[in-house]
Amino acid sequence: MRKDYYSILEVSKNCNQEEIKAAFRKKAMQLHPDKNPNDSSAELKFLDAMEAYEVLLDPARRKKYDQEQHYYFGYRKQSTQSKANSPKQKNYSFSEAEFLQRQEMARRYRDKLRREQAEEESKLPSYSDFKYVMISIPLAIALLFFVLNRSQSGDEHRLSQQQLEMLKKHPRSAVDPGLPSPEKSVKINMSISPLATFFSSDERDSLTGAVLRIENPSDAEVVVCLVALKRRQVIRNCFINPGYFYLMDKIPGGNYSLQLMYGKNWNVANINPIDSLANGMFDSVITCAKIPIGKINAKSVENASAFPYQVDKKIVIPAVEELKQSNKLSLSQFFYPNGIRKMQR
């Protein structure tokens, strides 16, 4: 049977650490070998008191000790009650050596269970694995948004230097979109309609819509409005950086013209001179113009949904010096050409 540490220190089983320390100091003063040089039992009692102090002062060791004591006394009590309630059963008892042997067997069984549990836990993903997963998921999402933003930023609409040179020599000639494009900063996301708050909302035909390629080889930034002539209404508008092109897809069939505003340094903080509620304007407007582009035919569902898109019509924006006087518009005519309807707000 294991020693009763509470009895050795003469404390209760519910004692706190301060009571344990005080009881040990008292016992140490009584049983210290220096104070009992002729008493050999005092040294053994002092060692027992020190052992009891070390076990009971450590919360983990004390908890384990209390469990073992509870197991021992509970087992003995249960055995006694079982014998008392079952007079027909054979009365037998076991020695302390047998009890210690059973305790050793129980300890080995608990160790075996711990080893099996540790083996099962080792097969599960570790905390570090979950940590890396939790870190990698936000990074993957951030990378996805970055890729999507890059795909919409207008970089894929760059005209290479070779394309720009070709356009300067032959402004109306075809340009191969597959030519390599050098890196170049984009001042504004071309997928954003800068005057969407002023003109009518976008109109798209997802089934039979056509694709219009608009190229800007000039040195100016250009705001482009696609005008449906029959309805006299702006159905789409976009921003094209110098040396870039823009694909305007899902365009309903019909007759169209382009309204162009050439300028420098588009700034959304500028106040629109026509409508103060419409945010954004160039720091300096160079000129405005109107370019007829004629009829755009609708096409089959298969061609409309094919990717990469097949361009149905291509327009090269002329340089400012190439514009004819008949093409030029005033700023008010750009916003209200021929009574074009504005979006109701």
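This one's a predicted model, so the numbers in the text were calculated from it and none came from an experiment.
K3 and E51 are joined by a salt bridge, as a carboxylate oxygen and a charged side-chain nitrogen come within less than 4.0 angstrom of each other. Contact check on K27 versus E10 returns a salt bridge, with a Lys/Arg side-chain nitrogen under 4.0 Å from an Asp/Glu carboxylate oxygen. Using a 4.0 Å cut-off between charged nitrogen and carboxylate oxygen, D249 and R204 count as a salt-bridge pair. A salt bridge does not link R115 with E119: every distance from a Lys NZ or Arg NE/NH1/NH2 to an Asp or Glu carboxylate oxygen is 4.0 Å or more.
Using modelled atom types, one side-chain atom of E19 and one backbone atom of N16 make a donor-acceptor pair closer than 3.5 Å. No donor-acceptor pair closer than 3.5 Å links the side chain of Q117 to the backbone N or O of R114. In this structure a side-chain-to-backbone donor-acceptor pair under 3.5 Å is present from Y65 to Y5. Looking only at distances, no side-chain donor or acceptor of N36 sits under 3.5 Å from a matching main-chain atom of A42.
A pairwise comparison of heavy atoms in L56 and R62 identifies O-CD, 3.3 Å as the closest pair. Pairing each heavy atom of P318 with each of Y262, the nearest pair is O-OH, 2.7 Å. The minimum heavy-atom distance linking A23 with L9 is given by the pair CB-O, 3.4 Å. Pairing each heavy atom of C288 with each of L331, the nearest pair is SG-CD1, 3.9 Å. Nearest heavy-atom pair across S218 and A319 is CB-CA, 4.2 Å. A pairwise comparison of heavy atoms in Y246 and C238 identifies CD2-SG, 3.7 Å as the closest pair.
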>> side chain to side chain contact (heavy atoms under 4.5 Å, CB included), that's the test. Do V224 and I240 meet it? Break it down for me.
In response: CA-CA 8 Å; V224 179; I240 306 182; 3.9 Å; yes
>> side chain to side chain contact (heavy atoms under 4.5 Å, CB included) for V223 and L260? Distances and angles first, verdict last.
In response: CA-CA 6 Å; V223 173; L260 309 174; over 6 Å; no
>> Could you walk me through whether R108 and E104 satisfy the salt bridge (Lys or Arg N to Asp or Glu O under 4.0 Å) test, starting with their C-alpha distance in whole Å, then the side-chain angles of each, then the deciding distance to 0.1 Å, before giving a yes or no?
In response: CA-CA 6 Å; R108 292 181 180 179; E104 179 65 18; 3.3 Å; yes
> Do E43 and K45 pass the salt bridge (Lys or Arg N to Asp or Glu O under 4.0 Å) test, and can you show the C-alpha distance, the side-chain angles, and the key distance before you say yes or no?
Replying inline: CA-CA 5 Å; E43 183 177 358; K45 293 179 180 179; over 6 Å; no
> Can R231 and E203 be said to form a salt bridge (Lys or Arg N to Asp or Glu O under 4.0 Å), step by step?
Replying inline: CA-CA 13 Å; R231 292 179 290 162; E203 289 189 17; 2.9 Å; yes
>> side chain to side chain contact (heavy atoms under 4.5 Å, CB included) for I286 and K264? Distances and angles first, verdict last.
In response: CA-CA 7 Å; I286 300 174; K264 294 291 185 181; 4.1 Å; yes
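At most 12 non-hydrogen atoms from other residues, nucleotides or ligands lie less than 6.0 angstrom from CD of Q101.
If you take CH2 on W266 and CD on E221, they are separated by 9.5 Å, rounding to the nearest 0.5 Å. Note that CD1 of I317 and CG of L258 are 7.0 Å apart. Values are rounded to the nearest 0.5 Å. To the nearest 0.5 Å, the span separating CD on E18 from CG on L57 amounts to 9.0 Å. The NZ atom of K290 lies 14.0 Å from the CG atom of L323; values are rounded to the nearest 0.5 Å. Between I235 atom CD1 and C225 atom SG the span is 11.0 Å, to the nearest 0.5 Å. Taking CD of Q259 as the reference point, atom CG of L329 lies at 6.5 Å (rounded to 0.5 Å).
In this structure the side chain of P217 never reaches within 4.5 angstrom of the side chain of F245, judged on heavy atoms. Counting heavy atoms from C-beta on, the side chains of S284 and N265 never come closer than 4.5 Å. Counting heavy atoms from C-beta outward, V222 and M261 have side chains that stay 4.5 Å or more apart. Between R107 and R110 there is a side-chain heavy-atom pair separated by less than 4.5 Å. R213 has its side chain out of reach of K313: every pair of non-hydrogen atoms, C-beta onward, lies at least 4.5 Å apart. By the 4.5 Å heavy-atom criterion applied to side chains, I293 and L226 are counted as neighbours. Looking at heavy atoms from C-beta onward, I291 lies out of side-chain contact with S257 at the 4.5 angstrom threshold. K35 has its side chain out of reach of L31: every pair of non-hydrogen atoms, C-beta onward, lies at least 4.5 Å apart.
Contacts of K230 classified as side chain to side chain contact (heavy atoms under 4.5 Å, CB included), with partners at least two apart in sequence or in another chain: none. For D283, the side-chain hydrogen bond (donor to acceptor under 3.5 Å, both in side chains) test picks out N270, with sequence neighbours left out. Residues passing the side-chain hydrogen bond (donor to acceptor under 3.5 Å, both in side chains) test with D66, sequence neighbours excluded: Y6. S7 meets the side-chain hydrogen bond (donor to acceptor under 3.5 Å, both in side chains) test with D4; sequence neighbours excluded.
Donor-acceptor pairing under 3.5 Å is lacking for the side chains of N14 and S12.
Each ring-ring contact (aromatic ring centres under 6.0 Å, His included) pair with one or both residues in residues 35-55, not counting sequence neighbours, appears once here: F24-Y53, H32-F46.
In the hydrophobic clustering, where aliphatic and aromatic side chains (Ile, Leu, Val, Met, Phe, Trp, Tyr) are joined below 4.5 Å either directly or transitively, Y109 groups with L113.
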